[in-house]
Protein chains: 2
Amino acid sequence: MSFHAHDHRDCIADGIAAAERYCAERRLHFTPVRRRVLEMLLGGHTSLRAYEILDRLRAEGLGSQPPVAYRALDFLVMHGFAHRVERLNAFIACSHADSRHAPAFLICRACNRVVEAESDPQAGELGRAARRAGFVIERTVREAEGLCPDCACAA
Amino acid sequence: MSFHAHDHRDCIADGIAAAERYCAERRLHFTPVRRRVLEMLLGGHTSLRAYEILDRLRAEGLGSQPPVAYRALDFLVMHGFAHRVERLNAFIACSHADSRHAPAFLICRACNRVVEAESDPQAGELGRAARRAGFVIERTVREAEGLCPDCACAA
DNA sequence: GTTTATACGTGATAGTATAACATCGCAAGA
DNA sequence: TCTTGCGATGTTATACTATCACGTATAAAC
């Protein structure tokens, strides 16, 4: 996944299918709200904020109070279908439907697109600093803000 | 700076002195509110949230409304005396009073101490992904959450 | 001294997130 | 079948984070 165009319907269908499989295997409930929120996140390569999601759920009669959205997002994040983008206080569908990983994000401040790269939690300066300090890493946040190729050219 | 004990009064005095020098050189106003907020941040190796800072300012008669705290924090962050920790929505004094740099943080989820390491914005998986994608990095967020040596042993 | 730019005071409001408790529905076990 | 327990949802309220807008004060520049 990069900043290039592609047939986006596949992203949605594949993402939903993967989540269905995963939940079926583990006897998890892939409920209507959870499915719908994942569809929304898969629907674009920009992140969505919790209240944008809530507004859409409300419009569809799937829930009207903040906890509805946050619970669905918690579920999706916990099981790796979505990630939280700390820098934006927002959420985005996972691009690597496979296993657990430490996501890294490139965030375009002009067009708001976000692309995900994988990273090793123990790698880089964080890993080095942790080993030096005797620190046990459980989770990492790696996000870069800047300009995507399209917006950099336009600038 | 690491998770080890040290004489902490020096941290505060040195940090304030450096900020004074920097501001004097550039004709910036190191006002009472700004100084006091920096002292608070230097006063511990945990991060402080904006409203904790605001509460203390209020108690000292230095301002009672959110913008007072946020303006001071904006100033300190802009000039590199403090950093924002995205993962915590909080702020911490800069440990490297020197020049501009891309901070990386190790955040202990048990004792809330935070230590800062330096990093190269273009390094690591973010840098690689950016070069591959043609993405121009302007700012990076690198934060690891986990257990510091003390808390890892205690666990 | 006047001008100008910067900082501060203040009230209002926007945006993000969780606590707490009630209800519902389904599935495992008596 | 019953009931018991668990996970999910509904709902109210509230906590926490951040900014806007506008007026005033202060200090440096001219």
Side-chain angles (χ1 to χ4, degrees), chain A residues 19-20 22-38 40-41 46-79 81-92 112 141 143, chain B residues 19-20 22-38 40-41 46-79 81-92 109 112 141:
Chain A
E20 269 174 351
Y22 177 102
C23 290
E25 282 167 7
R26 288 168 180 73
R27 305 268 186 282
L28 296 171
H29 298 175
F30 194 50
T31 65
V33 176
R34 291 169 179 177
R35 165 189 295 261
R36 199 66 196 90
V37 172
L38 181 54
M40 290 177 195
L41 292 174
T46 63
S47 58
L48 291 178
R49 292 171 297 151
Y51 277 68
E52 290 174 345
I53 290 168
L54 177 58
D55 287 345
R56 297 202 207 172
L57 289 176
R58 188 177 285 138
E60 299 177 13
L62 278 172
S64 63
Q65 299 303 322
V68 174
Y70 281 103
R71 286 165 183 159
L73 288 166
D74 285 349
F75 175 88
L76 295 174
V77 168
M78 180 182 328
H79 295 289
F81 304 130
H83 301 296
R84 182 181 164 80
V85 184
E86 297 291 343
R87 175 66 184 148
L88 303 176
N89 291 334
F91 299 85
I92 192 167
N112 294 313
V141 176
E143 302 173 0
Chain B
E20 268 175 350
Y22 178 101
C23 290
E25 283 167 6
R26 287 170 181 72
R27 305 268 187 282
L28 296 172
H29 298 177
F30 195 48
T31 65
V33 175
R34 291 169 178 176
R35 165 189 295 262
R36 199 64 198 88
V37 172
L38 181 54
M40 291 177 195
L41 292 174
T46 64
S47 58
L48 292 178
R49 290 171 299 151
Y51 277 68
E52 290 175 344
I53 290 169
L54 177 58
D55 287 345
R56 299 200 206 171
L57 288 176
R58 188 177 285 139
E60 299 177 13
L62 278 172
S64 63
Q65 300 301 324
V68 174
Y70 281 103
R71 285 167 185 157
L73 289 166
D74 285 349
F75 175 88
L76 296 174
V77 168
M78 180 180 331
H79 294 289
F81 303 130
H83 300 295
R84 182 181 165 81
V85 184
E86 297 291 343
R87 175 66 184 148
L88 303 176
N89 291 334
F91 300 84
I92 192 166
R109 68 168 163 80
N112 294 313
V141 176

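First the proteins, then the strands, lettered A, B, ... as listed; each starts at 1.
Partners of B:Arg34 by side-chain hydrogen bond (donor to acceptor under 3.5 Å, both in side chains), not counting sequence neighbours: none found. Listed by chain and number, the residues in a side chain to side chain contact (heavy atoms under 4.5 Å, CB included) with B:Arg27 amount to none (sequence neighbours excluded). Partners of A:Glu143 under the salt bridge (charged side-chain N to carboxylate O under 4.0 Å, His left out) rule, at least two apart in sequence or in another chain, do not exist in this structure. Applying the ring-ring contact (aromatic ring centres under 6.0 Å, His included) rule to B:Phe30 yields no partners; only residues at least two apart in sequence or on another chain are considered. The side chain to side chain contact (heavy atoms under 4.5 Å, CB included) search around A:Arg56 returns A:Met40, A:Leu48, not counting sequence neighbours.
Using a 4.5 Å heavy-atom threshold, the side chains of B:Leu41 and B:Ile53 count as touching.
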Would you check, one step at a time, whether the test side-chain contact (heavy atoms from CB on, under 4.5 Å) holds for B:Asn89 with B:Arg84?
CA-CA 7 Å; B:Asn89 291 334; B:Arg84 182 181 165 81; 3.0 Å; yes
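For A:Arg35 and D:dT9, the CZ to P distance is 13 Å, given to the nearest whole Å. Remark: P of D:dA8 and CG of A:Leu73 are 15 Å apart, rounded to the nearest angstrom. At whole-Å resolution of the value, CZ in B:Arg87 and C1' in D:dT17 are 15 Å apart. Counting to the nearest Å, the P atom of D:dC16 and the CG atom of B:Asn89 are 13 Å from each other. Between A:Arg49 atom CZ and D:dA18 atom P the separation is 14 Å, expressed in whole Å. Between B:Arg34 atom CZ and D:dA27 atom P the separation is 13 Å, expressed in whole Å. Between the P atom of D:dT9 and the CG atom of A:Leu54 lies a distance of 14 Å, rounded to the nearest Å. Per the geometry, CD belonging to A:Glu86 stands 14 Å off C1' belonging to D:dT17, to the nearest Å.
Closest non-hydrogen pair, B:Arg109 versus B:Asn112, comes out as O-OD1, 4.3 Å. Scanning both residues, B:Leu28 and B:Tyr22, for their nearest heavy atoms gives CD1-CE2, 3.6 Å. B:Ala90 and B:Arg49 make their closest contact through CB-CG, 3.9 Å (heavy atoms, listed as atom of the first residue, atom of the second, distance).
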For nucleotides 19-24 of chain D, tabulate all protein N/O to nucleotide N/O atom pairs closer than 3.5 Å, reporting atom names and distance.
| unit_1 | atom_1 | unit_2 | atom_2 | d |
| --- | --- | --- | --- | --- |
| D:dA21 | N6 | B:Arg71 | NH2 | 3.3 |

Restricting to nitrogen or oxygen on both sides, can you table the protein-nucleotides 28-30 of chain D pairs closer than 3.5 Å?
none

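Interface limits on DNA chain C: the 5'-most and 3'-most nucleotides within less than 4.0 Å of chain B heavy atoms are C:dA7 to C:dG11.
Listed pair A:Thr31 / D:dT9 meets the phosphate criterion, a side-chain N or O lying under 4.0 Å from OP1 or OP2. Side-chain N/O atoms of A:Arg58 include none lying less than 4.0 angstrom from OP1 or OP2 on D:dG10.
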All N/O donor-acceptor pairs, side-chain side in residues 59-75 of chain B, below 3.5 Å, sequence neighbours left out:
| unit_1 | atom_1 | unit_2 | atom_2 | d |
| --- | --- | --- | --- | --- |
| B:Glu60 | OE1 | B:Arg36 | NE | 2.8 |
| B:Glu60 | OE2 | B:Arg36 | NE | 3.3 |
| B:Glu60 | OE2 | B:Arg36 | NH2 | 3.0 |

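If A:Glu52 and B:Phe75 are placed on DNA chain C by their nearest nucleotide, the residue sitting closer to the 5' end is B:Phe75.
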